[in-house]
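Take a look at the structure below.
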Amino acid sequence: MCGRFTLKTPAPQLFEQLSLQLDPAPLGDFPARFNIAPTQSIIAVLGDKGELAPIWMRWGLVPSWSDDLSIGSRMINARSETVSEKPSFRKPFAKQRCLIPADGYFEWQTTKVGSKSTKQPYWIHLPQDKPFVFAGLWDTNTKATGETVLTCTILTAAAAPEIASLHDRMPVLIKPADYQTWLSSEDKEQVERLVKEPVYDETFGPHLWRYHPVSTAVNNPRHDSEANIAQVATT
DNA sequence: CCAGACGTTGTT
DNA sequence: GTCTGG
DNA sequence: CCAGACGTTGTT
DNA sequence: GTCTGG
């Protein structure tokens, strides 16, 4: 699944490597991130009348009917298998899809040594740490605070065989050729296929994932430095 | 009809 | 154990 | 996802 | 807002 990720690639380079033609100016300046956690601001790219535009959104979807932002902490992921049916995700899946740029994400393996369990994080990334986009959904909410809050969630699917030993779920990726379909198609079947039966080739896809163990400093969301993605030895 | 949930993950 | 905050 | 709180009153 | 459970 995906509950923590990285985005260290600077803006102009980021969108170029993602094959996204858009103006990063609306985002303002932002630092390299090595531990992005739920409830924090993340970048969502949406289709804006044909043009694509990036915008900051709070991670953790808060449905429009909710009067409490805290529900977002439990809506950080949406299962692709059921996303078209769930009350909280159905409308966003139909009309409010987005792309969420990242260049790596973390998974944890829990291992027990005697009675003590330890959580070993791994950083998962593509060769050359090339950026990619998660399939995302967004919604707006004004009931909770009186202000309009934009929020989003990341879709998950069964893990690719290459990383299944690490975890049985993984985030859903959208390849450049499918950006436009994901963002603006009104063909439900076509959109559903992108997350349920994704087609990849040798240049893109989960089979290219690399991963290595990293410091447990990552476990604490307050720790956000480049050291978070350095390989460490496991014991 | 109204009340209450609306979600995922992991672990047991 | 369960929920909230980051 | 993991970490950290989980409660109230009164006082500073 | 919409669905499920009672």
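Computation of the quantities below employed the complete heavy-atom set of this structure, encompassing side-chain atoms and omitting hydrogens, waters and symmetry-equivalent molecules. Naming: A, B, ... by sequence-line order, numbering from 1 per chain.
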Rounded to whole angstroms, how far apart are [atom1] on [X] and [atom2] on [N]?
| X | N | atom1 | atom2 | result |
| --- | --- | --- | --- | --- |
| A:Met75 | C:dC3 | CE | P | 13 Å |
| A:Phe89 | E:dT2 | CZ | C1' | 15 Å |
| A:Ile71 | C:dT2 | CD1 | P | 18 Å |
| A:Asn35 | C:dG6 | CG | C1' | 9 Å |
| A:Lys86 | E:dT4 | NZ | P | 10 Å |
| A:Asp68 | E:dG1 | CG | C1' | 17 Å |
| A:Glu85 | E:dC3 | CD | C1' | 13 Å |
| A:Asp224 | C:dG6 | CG | C1' | 11 Å |

Pairwise [atom1] distance, [M] and [N] [rounded to whole Å]:
| N | M | atom1 | answer |
| --- | --- | --- | --- |
| D:dT8 | C:dG1 | P | 23 Å |
| B:dT9 | D:dC2 | C1' | 12 Å |
| C:dG5 | B:dG4 | P | 22 Å |
| B:dT11 | D:dC1 | P | 9 Å |
| C:dG6 | B:dC6 | P | 24 Å |

Within the 4.0 Å heavy-atom criterion, would you say [X] contacts the bases, only the backbone, or no part of the nucleic acid?
| X | result |
| --- | --- |
| A:Thr39 | base |
| A:Ile76 | base |
| A:Lys91 | nothing |
| A:Asn141 | nothing |
| A:Ser73 | base |
| A:Pro38 | base |
| A:Ser66 | nothing |
| A:Thr216 | nothing |
| A:Trp108 | sugar-phosphate |
| A:Arg79 | sugar-phosphate |
| A:His167 | sugar-phosphate |
| A:Ser64 | nothing |

When you measure from the side chain of [X] to the backbone of [Y], do you find a donor-acceptor pair of N or O atoms at a distance under 3.5 Å?
| X | Y | result |
| --- | --- | --- |
| A:Asn141 | A:Pro63 | yes |
| A:Arg4 | A:Val218 | yes |
| A:Tyr179 | A:Ser19 | no |

Query raised in the report: In chain order, what residues pass the side chain to side chain donor-acceptor pair (under 3.5 Å) check against A:Thr140, with sequence neighbours excluded?
Result: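 Applying side chain to side chain donor-acceptor pair (under 3.5 Å) to A:Thr140 gives none.
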
Query raised in the report: Quick one: side chain to side chain donor-acceptor pair (under 3.5 Å) partners of A:Thr9, sequence neighbours excluded?
Result: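 If we apply the side chain to side chain donor-acceptor pair (under 3.5 Å) test to A:Thr9, skipping adjacent residues, the hits are A:Asp103.
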
**Report entry** Closest approach of A:Trp65 to A:Ser88 (non-hydrogen atoms, all atoms of both residues)
**Finding:**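 What the structure gives for the nearest pair is CZ2-OG, 3.7 Å.
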
Query raised in the report: Where does the chain A footprint on DNA chain B start and end, counting 5' to 3' with a 4.0 Å heavy-atom cut-off?
Result: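 Using the under 4.0 Å cut-off, the span is B:dC6 to B:dT12.
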
Query raised in the report: Taking a pair as Watson-Crick (N1 to N3 plus N6-O4 or O6-N4) or G-U wobble (N1-O2 and O6-N3), both under 3.5 Å, which stems of 3 or more consecutive pairs involve DNA chain B?
Result: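 Stem segments, range with range: B:1-6 with E:1-6.
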
Query - Salt-bridge present (A:Arg169, A:Glu81; N to O < 4.0 Å) - result: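 Looking at A:Arg169 and A:Glu81, the cut-off is met.
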
Query raised in the report: When you look at NZ of A:Lys196, are more than 12 heavy atoms from neighbouring residues, nucleotides or ligands closer to it than 6.0 Å?
Result: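 It does: A:Lys196 NZ has more than 12 such atoms within range.
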
Would you tabulate the side-chain donor-acceptor contacts of residues 125-133 of chain A under 3.5 Å, counting partners in other chains and residues two or more places apart, or write 'none'?
unit_1: A:His125; atom_1: ND1; unit_2: A:Asp129; atom_2: OD1; d: 2.9
unit_1: A:Asp129; atom_1: OD2; unit_2: A:Lys8; atom_2: NZ; d: 2.9

**Report entry** The single option from A:Tyr211, A:Phe134, A:Tyr122, A:Trp123 passing side chain to side chain contact (heavy atoms under 4.5 Å, CB included) against A:Tyr105
**Finding:**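 Answer to the side chain to side chain contact (heavy atoms under 4.5 Å, CB included) test with A:Tyr105 among A:Tyr211, A:Phe134, A:Tyr122, A:Trp123: A:Phe134.
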
Query - Partners meeting ring pair (Phe, Tyr, Trp, His ring centres under 6.0 Å) with A:His167 (sequence neighbours left out) - result: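 A:His167: no ring pair (Phe, Tyr, Trp, His ring centres under 6.0 Å) contacts found.
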
Query raised in the report: Taking only side-chain nitrogens and oxygens of A:Arg74, does any of them come within less than 4.0 Å of OP1 or OP2 of C:dT2?
Result: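 For C:dT2, neither OP1 nor OP2 has a side-chain N or O of A:Arg74 closer than 4.0 Å.
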
